[in-house]
There are 2 protein chains.
Amino acid sequence: MGYASNVRFAVAATLSETKYLSRFGGPVKQNALYAQSGGVTAVINASACGVIETSRKHKNKIGKVFAGRNGIIGVLTENIIDTSRESIRDIASLRYTPGGAFGSARHKLKGLDESRAEYERLIEVFKAHNIGYFFYNGGGDSMDTAHKVSLLGRSLDFPITCIGIPKTVDNDLPVTDNCPGFGSVAKYIAISTQEAALDVASMAKTSTKVFILEVMGRHAGWIAASAGLAGGKHDAPHIILFPEIAFNERAFLARVQTCVKRYEYCVIVVSEGVRHTNGRFLAETNTLDAFGHAQLGGVAPALANLVRKGLGYKYHYAIADYLQRSARHIASKVDVDQAYAVGKAAVE
Amino acid sequence: MGYASNVRFAVAATLSETKYLSRFGGPVKQNALYAQSGGVTAVINASACGVIETSRKHKNKIGKVFAGRNGIIGVLTENIIDTSRESIRDIASLRYTPGGAFGSARHKLKGLDESRAEYERLIEVFKAHNIGYFFYNGGGDSMDTAHKVSLLGRSLDFPITCIGIPKTVDNDLPVTDNCPGFGSVAKYIAISTQEAALDVASMAKTSTKVFILEVMGRHAGWIAASAGLAGGKHDAPHIILFPEIAFNERAFLARVQTCVKRYEYCVIVVSEGVRHTNGRFLAETNTLDAFGHAQLGGVAPALANLVRKGLGYKYHYAIADYLQRSARHIASKVDVDQAYAVGKAAVE
């Protein structure tokens, strides 16, 4: 995977490099604010570690590093954490900690006109804590928010250096060719698929013939594709279903049957976002609860039903859900290093 | 975990130690047959490795080690693998390979009278390949089968040393206090639960408040219980549901609500075999497919539905299924060593 491109992205994302000058014309030492945004990854804390450790090495320019508690919500409510109170050891351990250490949030700031009050509140809090640098660690929306904060700061005569630090498990951020968070999910899915496939292969003679693994990626098939990384040409997974390709039931069942005849078993990896040609999610179509509501989630059981009704094979399915994106125990070293590097580069 | 007990079990399982004597009264070097049975574990191949490596050290007593292809099915169909053709290196690598290397089977031999023809067929194949030692690597049923083969062999004047090698992920084998296969699942579930919990905790302010992990153990709650091993007193999981304890919907929802109020989120680990007081599986009750059939599997979505309808919290769920029992990448070292040791002890 391209390592350097993300580092460039972090640097390129320096949306406003205007320095905040004191009345006397010299640069003033200002504080920094770091916030995590959106769904977390196995390595987002490594980026936090990169920001804080690197900032501590530039004490001539950066004062304290604050962190928003629960992301941007913490900034809006002035609930921020002073990371300078944390020991060197605790900050270093962030590199190896899953989850989002300071809390994250799904809170999308809209356009400057629509959400002007919120943007002004951010600037107000920045002013109150002498924040000159805003590091926002998230996906596409967060990059956009950082840009808008920068624009508003300038217009309010409080120029602030806003830097987006990329993060996503889906690997669908524009500009980047890969993104911190994805590598670890890819490793988890590739290895788990091979392990489960060996299990199914052992039992196929008398038991389960079809195994379905449901993975994340509602709009992007990168995670599903990663299931194919570990195997050889004829190894599992035999079928990968992508959200970008409309589902064809007849072709799917034919392929499952061919695999079972050829290999005695069939391993399928399916992205949660797979849709019919009419745009409906597969997971919405076949499964109703006792009250007639469409059952949310679960494309794997929907596929399993098709296999049962169409072919009658014994099946098993797994839904990896949060296990895949939080699996720090099997995080990719490249991914961890990359996540740290984008945090470091953002400061530098 | 008690290490020694399993070793004793393997030795104690030597159901017939009668030696097969040659016409001239001296012991004859005989071959061994090894077969895997039932659902595989992350470490069952380590037991195979223990059997084969140890047999190779006793060449004065044990000739070749054959392995049944697809377990007992391979013996019945005389489809057996001569492991003496495999290199030292390939046999050693079994210790680290997930799945069941020789194939396993779900094929239960019934009582001696009911399945007499099959037992006689086994003895016939044993005779044809000069098998004096039968190592059967499985759960309770396999131990029973080994015992019956031993009895029949004696009655047919073909005494055979039958040794059961214990294996199960559910940890529900009689006599043993723990069993190879379980330790690795326990480690996987304990760590995955903590990782996912950190993920949920990060996001709980604005997003998912309830996370449900469905684990194996249709009749035994050991795997579910292992989810509690990694956390502290107030850490996740906040609720563990066991197959041994009838489900109480009202108490469950009240506890979920209390947790969300106290911790901002709630992590639930549920055994697939949880039942209502009337004995019905939870997974059978609430979910129907579009054709009105009870949806098989999936106690996690059933619980998630209850949470949605009763409390309205945003939820996520994961179904670990085969991922948990095949996860060799995070196998417990104690478990691997134990699995090897029961194979070794079985031979010695």
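No experiment lies behind these values; they were computed from the predicted model shown. Here is the naming used below: chain letters follow the sequence lines, and residue numbers restart at 1 for every chain.
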**Report entry** Among B:Q36, B:K205, B:M203, B:H316, residue most engaged with chain A (heavy-atom pairs, under 4.5 Å)
**Finding:** B:H316
Report task. Give me the ring orientation class for B:H329 and A:Y188: parallel if the planes are under 30° apart, tilted from 30 to 60°, perpendicular past 60°. Result -> perpendicular
Report task. Give a yes or no on whether the backbone of A:R106 and the side-chain of B:T206 come within a donor-acceptor separation of less than 3.5 Å. Result -> yes
Query - Heavy-atom check, side chain of B:L213 versus side chain of A:Y322, under 4.5 Å - result: no
Query raised in the report: If you draw a 6.0 Å radius around NZ in A:K314, do more than 12 non-hydrogen atoms from other residues or ligands fall strictly inside?
Result: yes
**Report entry** Minimum heavy-atom distance B:A318-A:A320, with the two atoms named
**Finding:** CB-O, 3.8 Å
Query raised in the report: Listed by residue number, which members of residues 190-202 of chain A have a heavy atom under 4.5 Å from any heavy atom of chain B?
Result: A:I191, A:S192, A:E195, A:A196, A:L198, A:D199, A:V200, A:S202
Requested in this report: Identify the residues of residues 93-101 of chain B whose heavy atoms come closer than 4.5 Å to a heavy atom of chain A, ordered by number, or report 'none'.
Outcome: B:P98, B:G99, B:G100
Query raised in the report: Do A:Y317 and B:D321 come close enough that some side-chain heavy atom pair is under 4.5 Å?
Result: no
Query raised in the report: So which part of A:F211 gets closer than 4.5 Å to some heavy atom of chain B, the side chain, the backbone, both or neither?
Result: side chain
Query - Region of A:I44 that comes under 4.5 Å of a non-hydrogen atom in chain B - result: neither
Report task. Step through the shown structure and confirm whether more than 12 heavy atoms of other residues, nucleotides or ligands are within 6.0 Å of CZ on A:R69. Result -> no
